[in-house]
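In what follows, a structure is listed as structure tokens, so that the remarks can point back to it.
All of these numbers come straight from a predicted model, not from anything done at the bench.
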Amino acid sequence: MKQIDGIPSLILCALFWSTGGILVKLVDWNPFAIAAIRSLIAGIFIAITIKGAPLFRIKKEDGTTDPKGTACLWAAGICYSLTMILYVSANKLTTAANTILLQYTNPVYIILFGPLMLGEKNRKSDYLAALGVTAGMILFFSDGLESGNQTGNILAACSGLTFGFTTLFMRKQQIYGCSSAHSFMIAHILTLAAGIPFMISAGMPSAKSCAGLVLLGIFQMGIPSVTYSLGIKRVRALTASFITMLEPLMNPVWVIIFAGEYPSVKCAAGGALILGTIAARAVFQHKSARTRN
């Protein structure tokens with residue numbers, strides 16, 4: 001039941017994350033400056049939502065610092081900050097399709113390191129789901145895939161690595177009773193700091209761009225940070241990574257609604273394969289759990 005409760009939170013997270021492609025079109029500014037201001041607004045939103053400032057260390061019951069818990073807190077924040085920075089950097093050097101596809105290799109790292117870091121054993125259905133989702137992602141983005149700039153492709157692949165470890169560390173810090181919202185706030189502080197030079201050189205954005213930045217900070221980053229923090233408490237790390245793959249699938253939906261552009265047949269088929277794989281895995285594992293009980 002706890003796992004089912006976490007799924008709606010992660011679905012909401014993916015839906016709000018996916019609005020970035022539409023909302024960023026409102027902003028005519030340096031990409032790194034956009035990431036910095038978006039993080040500033042998102043960090044403030046999260047602090048208001050959880051009614052507290054970010055934690056920079058996790059304490060034991062006696063008030064002393066818990067080194068392992070604090071390490072997980074900072075590792076998750078650093079990994080997510082790197083994910084955002086690497087994504088922006090890769091987008092400047094290679095195609096958007098390459099960047100998204102390579103970023104969403106993150107389940108591979110969760111399958112590899114999840115059992116070691118979290119003690120969450122992989123099942124046969126996990127491996128089959130990973131194959132199905134990977135095939136669907138390749139099909140989904142096949143129209144836009146190119147060889148691209150190799151540096152950009154490497155940065156995008158690295159963002160998949162850091163995204164995977166973001167999920168692993170955020171899941172692990174639940175052991176220490178610390179909400180992932182604090183790691184998100186640390187990530188946004190780090191991203192803001194990294195983007196300050198670009199903000200200064202980019203100059204003042206237009207009024208339309210300012211409105212877009214506020215929307216990005218609240219809807220594309222702030223709200224999903226909170227909902228992800230709620231969801232990751234209740235589901236396995238691999239389940240979280242599969243559910244949040246709804247993000248790239250929803251981008252074409254927003255384009256259809258707001259721009260009237262329709263995806264190709266291969267794009268639609270790839271999306272259907274991903275959704276079908278995730279749904280089949282959920283049904284299979286639910287039945288397996290009922291059988292064991």
Practice task
Begin with the C-alpha distance, continue with both residues' side-chain angles, and end with the deciding distance and a verdict on side chain to side chain contact (heavy atoms under 4.5 Å, CB included) for Lys92 and Phe32.
Solution key: CA-CA 10 Å; Lys92 290 175 68 68; Phe32 291 97; 3.3 Å; yes
I'd like to check the side-chain hydrogen bond (donor to acceptor under 3.5 Å, both in side chains) partners of [X]; sequence neighbours left out, ordered by chain and number.
| X | result |
| --- | --- |
| Thr83 | Thr162 |
| Ser125 | Gln285 |
| Gln103 | none |

Exercise for the section: For Tyr228, check ring-ring contact (aromatic ring centres under 6.0 Å, His included) against everything at least two apart and list the hits. Expected result: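 Tyr228: ring-ring contact (aromatic ring centres under 6.0 Å, His included) contacts with Trp17, Phe184.
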Distance in Å, [X] [atom1] paired with [Y] [atom2], rounded so as to fall on 0.5 Å steps:
| X | Y | atom1 | atom2 | result |
| --- | --- | --- | --- | --- |
| Ile186 | Cys79 | CD1 | SG | 12.0 Å |
| Ile232 | Thr244 | CD1 | OG1 | 8.5 Å |
| Glu247 | Ile11 | CD | CD1 | 14.0 Å |
| Ile154 | Ser159 | CD1 | OG | 12.5 Å |
| Thr191 | Ile85 | OG1 | CD1 | 4.5 Å |
| Leu102 | Thr94 | CG | OG1 | 7.5 Å |

Indicate yes or no: at least one non-hydrogen side-chain atom of [X] is less than 4.5 angstrom from one of [Y].
| X | Y | value |
| --- | --- | --- |
| Leu55 | Lys59 | no |
| Thr134 | Met137 | no |
| Lys68 | Tyr176 | yes |
| Arg38 | Met84 | yes |
| Pro54 | Ile189 | yes |
| Ser241 | Leu238 | yes |
| Asp28 | Pro205 | no |
| Met199 | Asn30 | no |

I'd like to know if the side chain of [X] reaches the main chain of [Y], judged simply by a donor and an acceptor atom lying under 3.5 Å from each other, with no hydrogens or angles considered.
| X | Y | value |
| --- | --- | --- |
| Asp66 | Ile58 | no |
| Arg236 | Gly114 | no |
| Thr166 | Tyr80 | yes |
| Ser201 | Pro197 | yes |

Handout entry: Stepwise side-chain hydrogen bond (donor to acceptor under 3.5 Å, both in side chains) test for Gln174 and Ser180
Key = CA-CA 8 Å; Gln174 305 308 312; Ser180 300; 2.9 Å; yes
Handout entry: Option from Phe242, Phe163, Phe140 for which ring pair (Phe, Tyr, Trp, His ring centres under 6.0 Å) with Tyr104 holds
Key =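 Of the listed residues Phe242, Phe163, Phe140, the ring pair (Phe, Tyr, Trp, His ring centres under 6.0 Å) partner of Tyr104 is Phe163.
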Practice task
Take Lys208 and Leu26, measure what side chain to side chain contact (heavy atoms under 4.5 Å, CB included) needs, and give me the verdict at the end.
Solution key: CA-CA 7 Å; Lys208 179 182 177 183; Leu26 299 174; 4.0 Å; yes
Handout entry: Presence of salt bridge, Arg281 and Asp126, under 4.0 angstrom
Key =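 Yes, charged N to carboxylate O under 4.0 Å.
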Practice task
State which residue, out of Ser39, Ser81, Ser183, fulfils the side-chain hydrogen bond (donor to acceptor under 3.5 Å, both in side chains) condition with His188.
Solution key: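 Running side-chain hydrogen bond (donor to acceptor under 3.5 Å, both in side chains) over Ser39, Ser81, Ser183 with His188 returns exactly one hit, Ser39.
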Practice task
Step by step, work out the side-chain hydrogen bond (donor to acceptor under 3.5 Å, both in side chains) result for Thr65 and Arg57.
Solution key: CA-CA 7 Å; Thr65 299; Arg57 67 188 181 105; 2.6 Å; yes
Exercise for the section: Sorted by first residue and then second, give each ring-ring contact (aromatic ring centres under 6.0 Å, His included) pair with at least one member in residues 108-135; sequence neighbours left out. Expected result: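 Residue pairs with at least one partner in residues 108-135: Phe113-Phe165.
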Exercise for the section: Could you tell me whether Phe219 atom CZ has more than 12 heavy atoms of other residues or ligands within 6.0 Å of it? Expected result: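 No - once you tally the heavy atoms of other residues, nucleotides and ligands closer than 6.0 Å, there are 12 at most.
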Exercise for the section: Indicate if Trp29 and Leu215 have the same hydrophobic cluster label, given that clusters are the connected sets of ILVMFWY residues with side-chain heavy-atom separations under 4.5 angstrom. Expected result: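 Yes, one cluster joins them.
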Problem - Any residue meeting side-chain contact (heavy atoms from CB on, under 4.5 Å) with Ala181, in chain and number order, not counting sequence neighbours - result: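 Only Ile46, Ile50, Ser179, Ser229 meet the side-chain contact (heavy atoms from CB on, under 4.5 Å) criterion with Ala181.
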